[in-house]
Amino acid sequence: MSIKLGDKIRDKVSGFEGLCVGITTCLHGCNRLTIQPQGLHEGKPVDAFCFDEPQCELVEAKSYVV
């Protein structure tokens, strides 16, 4: 896996972008990456969402040091 915690990543399908804040390894499937967008929407943090690793791409390595 080339994506690490703290990297800025993007879902290729939806364009959803943010920091990789979680990596889940499934027993019978692919890894899932949790993306937390930066910034606020109506004064509140935007919810984080999980995506399959193969459909995510690296935008910036080590955007945030863990």
Side-chain angles (χ1 to χ4, degrees):
M1 175 178 5
S2 62
I3 296 174
K4 307 281 189 242
L5 291 174
D7 289 347
K8 188 171 186 179
I9 59 175
R10 177 184 311 114
D11 173 50
K12 296 176 196 174
V13 177
S14 68
F16 196 79
E17 185 175 302
L19 291 179
C20 179
V21 296
I23 300 173
T24 305
T25 302
C26 299
L27 182 62
H28 298 291
C30 69
N31 292 333
R32 306 260 305 154
L33 305 175
T34 303
I35 301 176
Q36 175 68 56
Q38 296 174 301
L40 303 173
H41 176 69
E42 297 179 0
K44 298 178 184 176
V46 180
D47 290 335
F49 290 96
C50 294
F51 299 92
D52 289 339
E53 181 190 9
Q55 75 183 46
C56 292
E57 61 186 354
L58 182 65
V59 174
E60 181 182 342
K62 296 184 183 179
S63 178
Y64 180 83
V65 178
V66 181

*Backbone N/O of Q55 and side chain of D52: donor-acceptor pair under 3.5 Å*: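 Answer holds: no.
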
*asked:* I'd like to know if the side chain of R32 reaches the main chain of C50, judged simply by a donor and an acceptor atom lying under 3.5 Å from each other, with no hydrogens or angles considered.
replied: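 Checking the backbone N and O of C50 against the side chain of R32, a donor-acceptor pair under 3.5 Å is found.
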
If you look at every heavy atom in [X] and [Y], which pair is closest and at what distance?
| X | Y | result |
| --- | --- | --- |
| K12 | P54 | NZ-O, 3.6 Å |
| I9 | V59 | C-CG2, 3.8 Å |
| D11 | S14 | OD2-OG, 2.6 Å |
| K4 | C20 | O-CB, 3.8 Å |
| P37 | D47 | CD-O, 3.6 Å |
| D7 | K62 | OD1-N, 2.7 Å |

_Nearest-0.5 Å distance, CD of residue E53 to SG of residue C26_ = 11.0 Å

*asked:* Nearest 0.5 Å, please: how far is CD1 in I3 from CD1 in I23?
replied: 8.0 Å

*Inter- and intrachain pairs under ring pair (Phe, Tyr, Trp, His ring centres under 6.0 Å), touching residues 17-50, at least two apart*: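 Those involving residues 17-50 are F16-F49.
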
*Yes or no on side-chain contact (heavy atoms from CB on, under 4.5 Å) for Q38 and E17, after CA distance, side-chain angles and deciding distance?*
CA-CA 8 Å; Q38 296 174 301; E17 185 175 302; over 6 Å; no

_Cluster overlap L58 with L5, hydrophobic side-chain contacts below 4.5 Å_ =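 Yes; L5 is reachable from L58 via cluster members.
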
*Kindly write out the residues that satisfy side-chain hydrogen bond (donor to acceptor under 3.5 Å, both in side chains) with E57, not counting sequence neighbours, or none if the list is empty.*
R10

